[in-house]
Every structure is written in structure tokens, then in C-alpha cells.
Number of protein chains: 2
Amino acid sequence: MPTTPIIITARCPIRTTLELLGGKWKLLILFQLAQQPARLSELRRQIPDISEKMLIQELKTLMEHDLVARTNYGEVPPRVDYRLTDRGRLALPLIEAMRNFALQYENEKT
Amino acid sequence: MPTTPIIITARCPIRTTLELLGGKWKLLILFQLAQQPARLSELRRQIPDISEKMLIQELKTLMEHDLVARTNYGEVPPRVDYRLTDRGRLALPLIEAMRNFALQYENEKT
DNA sequence: ACCTGTACTAACCTTTTTGTCAGTATGCCT
DNA sequence: AGGCATACTGACAAAAAGGTTAGTACAGGT
């Protein structure tokens, strides 16, 4: 009896993760917020080439998935900041694994 | 003296990984090939909703980055198979981290 | 002579993702 | 009265990613 091959299905963990964290910016944003909570304008400086629209848009979907939380201080001019939620912190080992992958990949002799 | 925040740059490990492994299919393909080497037609069955074009195209870029290797047996009808390289195996902890993330995410009480 | 299975290529199109740019609201400062 | 700073929103456009379809080559089977 041969070993049963694992078959990829429509709902598998890899796909779930890609849906939650896929794309060019979400992991970078989470990584930055893991260093310290930040305001919009700070995040823009920390991730220099993101556009304001993408930053806001990505923060919004991260919030919808409860990975990031927003605090509005109700001041004028507006002051708002963003921080990781507990769920957001679940992504940190993944980010760490990505960093390890890239570093090891670059160290492999071709 | 405040702690220096880590600033995201144009070439950082997270971005390197996204370039190598980003997109809808590459990680699924690597995950499948980690179970056992496979022919094109087998991969198509194992990843049911990928199109043939995407499968070939993604395999090609994975090969260019030396994450996957191709063996052509020179038979007719053609027989070719694909397997992970050592570099490709470096992605396995990352895939494992994605799986953990998804499972923990789903277990969090809302 | 034709159909089958395998591993592709190429042209074309649709969808998704990302980016640009202009505009809104508010109160303070000059 | 006008400018500044902040955190947005919305219309639109460009670019990237993904998908569909048709076609190639070859040997074996019917």
C-alpha cells in the first residue's frame, strides 16, 4: 500500500494564509507594527515606497481580519495609531521564517 | 537614546522572499513536491484548480531560482519530472510556519 | 488514417492588484 | 483670509497576475 499523497484542496492552511497575508505590503506592515505601534504618517516613513492609499487600504483589511487594531484619540488634527492584535502576533513566526529563508537562500553557493 | 526602529528598505529579506515565493501557486507547488517528486500531469491532479499554463510557468520560474529541478527522461511520449532542490527545501520551514499560522488563527476565539 | 497521452508554446483576454492624483474635514497659527 | 498638518475617500489608470484556448511533436494502439 503506497503512502497516501497529500492533496491540496480549496481550503487548506497555505491558502488561508495567502488570503490573509498575501500581497506586496501586508507582511511589511505587520513587521513594522511588531517593532512598535505607529501612526499612519510614521508608517509611511518606515515603509518608504508604499503609497498612502495602499497603506490605508491594507490596514483596513488587516483590521477586518483582526490582525491590527486602530486607536483614534479624537484629537484635532487627527491622531490615530495602529498596533498588532494578539492574532496579528501569530504572524511573527511566519515573518521570522521568511527572513531565515531569504538569508539562507542568499548564502547557498550556486 | 531611543531604540532604533528597523526601517524597511528596497532590499530586505521579506521582500526577497516575496519575490521568490509570492503569488498564488509557488508555495503550493513546493509543498506538493516536498511530498514526492512528480510529473506535470501528477501535479495537475494534486493541485486540482491550477491551469496547465500557470503550472508550467511557475515551475519555470522556480527552476530559474534553483528551487526546483527538472529531469527529462528522453522518452516518447515525454516523461519529465520535477523535484525540490536543496534550496527548495529551505522553503519548508516557511511553509510549516504558514500552516501553523492558519491553524492558530482559526482557533482564536473572536 | 486517426485517435491517445505527454509536455509543452503562443496569442489573446479578464481579473486583480497596485498606483496617481485630486479632494474632504477640522482646528491652530499667522 | 489663507496655509499647515493629519487622516482619510473616491475616480481613474496602469501594471501585474492569472486564465482560456488552440496548436506542436512524437510514438503506440486500433
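Chain letters run A, B, ... following the sequence lines, proteins first and then strands; every chain starts at 1.
- The CD1 atom of B/I47 sits 12 Å away from the P atom of D/dG19 (whole-angstrom rounding).
- Here the shortest heavy-atom pairing between A/I29 and A/I50 reads CD1-CD1, 4.3 Å.
- For DNA chain C, the outermost nucleotides in 5' to 3' order that have an atom under 4.0 Å from a heavy atom of chain A are C/dT18 to C/dG27.
- Within the 4.0 angstrom heavy-atom criterion, only backbone atoms of the sugar-phosphate kind lie near A/Y82; the bases stay farther away.
- Counting non-hydrogen atoms under 4.0 angstrom, B/I56 reaches a base of the nucleic acid.
- Residues B/L92 and B/E96 form no side-chain contact, since every pair of their non-hydrogen atoms from C-beta on lies 4.5 Å or further apart.
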Heavy-atom protein contacts under 4.0 Å, nucleotides 22-30 of chain D, coded B base, S sugar-phosphate only, - none = -----S---
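- With the end axes of the helix from C/dA1-D/dT30 to C/dT30-D/dA1 each set by five pairs, the angle from one to the other reads 30° at 10° resolution.
- Legend: residues meeting salt bridge (charged side-chain N to carboxylate O under 4.0 Å, His left out) with A/E42, ordered by chain and number and at least two apart, are absent.
- Atom OH in A/Y73 sits roughly 15 Å away from atom C1' in D/dT6 (whole-Å rounding).
- Nearest heavy-atom pair across A/P48 and B/I8 is CD-O, 3.2 Å.
- Applying the salt bridge (charged side-chain N to carboxylate O under 4.0 Å, His left out) test to pairs two or more places apart or on separate chains, those with a residue in residues 13-26 of chain B are A/D49-B/R15, B/R11-B/E19, B/K26-B/E58.
- B/Q57 places its CD atom 8 Å from the P atom of D/dG18, with the value rounded to the nearest Å.
- Smallest separation of non-hydrogen atoms from A/L67 and A/L21: CD1-CD2, 3.9 Å.
- Nearest-nucleotide positions on DNA chain C for B/D81 and A/K53 put B/D81 closer to the 5' end.
- The side-chain tip of A/R87 points at the ring of B/Y105 from less than 6.0 angstrom away and within 45° of straight on.
- Residue A/R70 places at least one side-chain N or O closer than 4.0 Å to OP1 or OP2 of D/dC8.
- Under a 4.0 Å N-O distance rule, the pair B/D81/B/R79 does not qualify as a salt bridge.
- Judged by distance alone, with hydrogens and angles left aside, the side-chain atoms of B/T85 form a donor-acceptor pair with the main-chain N or O of B/D66 at under 3.5 Å.
- Side chain of B/E108 to main chain of B/Q104: no donor-acceptor pair is present (N/O by atom type, distance under 3.5 Å, no hydrogens or angles).
- Contact between A/R83 and A/P37 at its shortest, heavy atoms only, is NH1-CG, 3.7 Å.
- Atom pair A/R44:CZ and D/dC8:P shows a separation of 13 Å (rounding to whole Å applied).
- Atom CD1 of B/I29 is separated from atom P of D/dA17 by 15 Å (rounded to the nearest Å).
- Minimum heavy-atom separation, A/P93 to B/A97: O-CB, 4.3 Å.
- The stretch residues 13-25 of chain B has no heavy atom under 4.0 angstrom from DNA chain C at all.
- With B/F101 as reference, A/T17 is the one residue of A/I14, A/T16, A/T17 to meet the side chain to side chain contact (heavy atoms under 4.5 Å, CB included) rule.
- In this structure, B/Q32 and B/L43 approach most closely via the heavy-atom pair CB-CD2, 3.9 Å.
- Atom pair A/L43:CG and D/dA7:C1' shows a separation of 12 Å (rounding to whole Å applied).
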